[in-house]
Asks: 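Just dropping this structure here.
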Amino acid sequence: MAMPNFQEIMLPVLKFLSNGETHSFRKVLEHVEIFFALTEQDKQSRVPSGLQRTIYNRTSWAVTYLRKANLIVTHGKRGNYKITAEGQKLLSQNPPNITTKTLKNYENFQKTAAKAAAEPDNKSDNKPVSEFEDSANLEETGKTPQEIMGLLAEQLNLQLAQDLLEEICANTPTFFEKLVVDLLLKMGYGGLEGSGEVTKKTGDGGIDGIIKQDELGLEMIYIQAKKWDKSTKISAPEVQKFVGALAGEKAAKGVFITTSSFSKPAIDFAESLQSNKIILVDGLMLAKFMIKHNLGVSTSETFLIKKIDVDYFDEQ
């Protein structure tokens with residue numbers, strides 16, 4: 001069964017609580033995982049930010065929306081939930097599902113939405129913004145607010161990656177060779193001052209940079225850097241030449257980085273190697289690594305998403 005969105009989770013949660021007993025969020029989450037027959041891979045899937053499991057995030061939002069409509073309430077200790085009379089009444093109608101459209105019929109949900117929309121701090125360009133105002137979009141996508149924010153961040157980073165590649169391609173091949181050495185050092189390879197260098201000798205056999213993995217230089221990573229137009233793919237013979245250059249250095253590890261991309265035969269050849277380990281990094285992957293490791297980029301804006309500090313409210 002496919003991973004459910006947060007609206008598909010609401011009805012199973014309400015039915016789970018229908019016995020009138022108080023259940024912890026952990027038990028609710030376990031029920032959801034069993035109900036939708038999630039695999040271990042499904043359970044470990046994470047939202048775009050990577051900070052929370054997807055099923056945890058979606059179940060949490062399902063519970064939040066049910067509470068906003070007063071179909072369930074927090075009962076006793078925080079994180080424990082119980083169905084209300086309104087919730088039981090809804091289940092008695094045997095609904096096929098529960099969506100945000102369903103919840104809009106409840107006065108408590110409407111009041112909460114109106115209150116959020118009226119907050120001055122939630123306004124932008126004179127238009128009220130709240131988690132409920134966007135419920136139509138949530139209903140269409142089935143994604144929680146955190147997931148939507150994560151996807152928007154991915155779109156911004158994709159555009160940034162394309163801009164980075166344009167900047168790289170506007171510079172010289174010499175600049176690009178230095179960039180790839182700087183990137184590998186930023187990624188944690190080498191780690192010692194002076195452990196990375198751009199080769200300057202002619203006839204270097206396709207070796208554009210070297211990273212010393214240890215202080216004595218017993219472990220070395222050799223780099224091939226190709227600043228090619230994105231419309232031109234790196235072919236298998238180009239990768240084969242690099243393998244030949246590594247053999248000349250009696251080396252087994254190499255990284256082939258390009259601003260363009262690799263042909264399928266080139267990728268297949270690199271994957272088929274037994275005695276050598278060649279990592280192929282295309283333009284998009286290169287730009288993503290630069291963003292991740294803060295090379296050539298700076299932070300424009302930071303948005304903090306806060307949550308309740310449960311420990312503070314725990315009298316125990």
Side-chain angles (χ1 to χ4, degrees), residues 46 50 154 157-158 160-162 164-169 171-201 203-297:
R46 291 188 170 268
E154 284 185 354
N157 281 339
L158 181 58
L160 176 58
Q162 294 169 349
L164 276 172
L165 286 175
E166 289 184 10
E167 288 290 336
I168 293 170
C169 290
N171 279 277
T172 65
T174 300
F175 173 85
F176 181 55
E177 291 170 1
K178 180 180 182 303
L179 182 150
V180 297
V181 170
D182 288 345
L183 176 60
L184 288 175
L185 291 176
K186 277 270 194 180
M187 294 174 70
Y189 296 98
L192 301 171
E193 186 176 351
S195 59
E197 63 175 307
V198 175
T199 58
K200 301 185 185 305
K201 60 184 180 181
D204 57 15
I207 304 297
D208 296 316
I210 300 173
I211 300 289
K212 297 177 183 178
Q213 285 286 78
D214 58 86
E215 191 171 0
L216 295 177
L218 297 175
E219 288 287 332
M220 311 280 277
I221 297 177
Y222 292 84
I223 307 166
Q224 170 76 47
K226 290 286 188 185
K227 187 179 81 71
W228 283 17
D229 184 88
K230 64 181 180 181
S231 63
T232 307
K233 289 181 178 290
I234 302 293
S235 64
E238 290 291 336
V239 180
Q240 291 167 355
K241 289 178 187 177
F242 182 44
V243 172
L246 291 178
E249 299 288 341
K250 296 182 173 57
K253 298 177 182 178
V255 182
F256 198 130
I257 303 181
T258 181
T259 51
S260 61
S261 58
F262 296 92
S263 67
K264 189 175 185 307
I267 296 172
D268 291 342
F269 173 74
E271 291 178 347
S272 70
L273 294 172
Q274 299 295 324
S275 57
N276 296 88
K277 181 66 175 179
I278 307 297
I279 302 298
L280 304 182
V281 179
D282 62 22
L284 183 58
M285 190 184 302
L286 164 66
K288 287 183 176 180
F289 280 141
M290 290 178 66
I291 294 169
K292 180 178 180 180
H293 297 280
N294 294 311
L295 179 64
V297 298

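We use all heavy atoms of the structure for the numbers below, so side chains are in, but hydrogens, waters and symmetry mates are not.
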Asks: Which atoms form the tightest heavy-atom contact between A225 and D208, and what is the distance?
Replies: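 Nearest pair, atom of A225 first, then D208: N-OD2, 2.7 Å.
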Asks: For K227 and N171, work out which heavy atoms get closest and say how close.
Replies: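 Looking at all heavy atoms of both residues, the closest pair is CE-O, 3.0 Å.
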Asks: Side-chain contact test, heavy atoms from C-beta onward, threshold under 4.5 Å: evaluate it for I267 versus V239 and give yes or no.
Replies: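 They are not in side-chain contact.
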Asks: For residues 270-297, which residue pairs pass the salt bridge (Lys or Arg N to Asp or Glu O under 4.0 Å) check, not counting sequence neighbours?
Replies: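 Applying salt bridge (Lys or Arg N to Asp or Glu O under 4.0 Å) to every pair that reaches into residues 270-297, excluding sequence neighbours, yields nothing.
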Asks: With sequence neighbours left out, what residues match K178 under salt bridge (Lys or Arg N to Asp or Glu O under 4.0 Å)?
Replies: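 Applying salt bridge (Lys or Arg N to Asp or Glu O under 4.0 Å) to K178 gives D182.
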Asks: So, using side-chain contact (heavy atoms from CB on, under 4.5 Å) as the criterion, who are the partners of A287 when residues are at least two apart?
Replies: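 So A287 forms a side-chain contact (heavy atoms from CB on, under 4.5 Å) with A161, L164, L165.
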Asks: Identify, with sequence neighbours excluded, every residue that meets salt bridge (Lys or Arg N to Asp or Glu O under 4.0 Å) alongside K226.
Replies: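 If we apply the salt bridge (Lys or Arg N to Asp or Glu O under 4.0 Å) test to K226, skipping adjacent residues, the hits are E238.
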Asks: Mind checking whether L158 and L284 have side chains closer than 4.5 Å, heavy atoms only?
Replies: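 A side-chain contact under 4.5 Å exists here.
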Asks: Output all residues satisfying side-chain contact (heavy atoms from CB on, under 4.5 Å) with E166, sequence neighbours left out; order by chain, then residue number.
Replies: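 Scan of E166 (side-chain contact (heavy atoms from CB on, under 4.5 Å), adjacent residues dropped) gives none.
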Asks: Sequence neighbours left out, what passes salt bridge (Lys or Arg N to Asp or Glu O under 4.0 Å) with K264? Give chain and number order.
Replies: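 Residues passing salt bridge (Lys or Arg N to Asp or Glu O under 4.0 Å) with K264: D268.
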Asks: Would you check if V243 and I278 make a side-chain contact, meaning some heavy-atom pair closer than 4.5 Å?
Replies: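 Yes, their side chains come closer than 4.5 Å.
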Asks: Under the side chain to side chain contact (heavy atoms under 4.5 Å, CB included) rule, what do I168 and L179 come out as? Steps first, then yes or no, please.
Replies: CA-CA 9 Å; I168 293 170; L179 182 150; 3.9 Å; yes
Asks: Specify the closest pair of heavy atoms between N157 and I291, including all atoms of both residues, with the distance to one decimal.
Replies: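 Scanning both residues, the minimum pair turns out to be O-CD1, 3.5 Å.
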Asks: Can you list every ring pair (Phe, Tyr, Trp, His ring centres under 6.0 Å) pair that touches residues 222-241, not counting sequence neighbours?
Replies: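 Residue pairs with at least one partner in residues 222-241: there are none.
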Asks: Looking at every non-hydrogen atom in both residues, tell me the closest pair between I234 and S260 and how far apart they are.
Replies: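 Scanning both residues completely, I find the closest heavy atoms to be CG1-OG, 3.9 Å.
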Asks: Below 4.5 Å, heavy atoms only, C-beta onward: do V281 and L183 meet side chain to side chain?
Replies: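 No, their side chains stay 4.5 Å or more apart.
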Asks: Just grab all the ring pair (Phe, Tyr, Trp, His ring centres under 6.0 Å) pairs involving residues 259-294, residues at least two apart or on different chains.
Replies: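 Counting only pairs at least two positions apart or across chains, the ring pair (Phe, Tyr, Trp, His ring centres under 6.0 Å) contacts touching residues 259-294 are F256-F262.
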Asks: By side-chain contact (heavy atoms from CB on, under 4.5 Å), which residues pair with P265, not counting sequence neighbours?
Replies: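 Partners of P265 by the side-chain contact (heavy atoms from CB on, under 4.5 Å) criterion, ordered by chain and then number, come out as A236, S263.
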Asks: Report the residues that fulfil side-chain contact (heavy atoms from CB on, under 4.5 Å) with D229, sequence neighbours left out, ordered by chain and then residue number.
Replies: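 Partners of D229 by the side-chain contact (heavy atoms from CB on, under 4.5 Å) criterion, ordered by chain and then number, come out as S231, T232.
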Asks: Can you name the residues that form a side-chain hydrogen bond (donor to acceptor under 3.5 Å, both in side chains) with K253, not counting sequence neighbours?
Replies: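 K253 satisfies side-chain hydrogen bond (donor to acceptor under 3.5 Å, both in side chains) with E219 once adjacent residues are dropped.
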Asks: Would you sort out whether T172 and T174 count as a side-chain hydrogen bond (donor to acceptor under 3.5 Å, both in side chains), showing the intermediate values?
Replies: CA-CA 5 Å; T172 65; T174 300; 4.5 Å; no
Asks: With sequence neighbours excluded, what pairs up with T259 under the side-chain hydrogen bond (donor to acceptor under 3.5 Å, both in side chains) test?
Replies: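 Testing T259 for side-chain hydrogen bond (donor to acceptor under 3.5 Å, both in side chains), a comparison that skips the adjacent residues, returns none.
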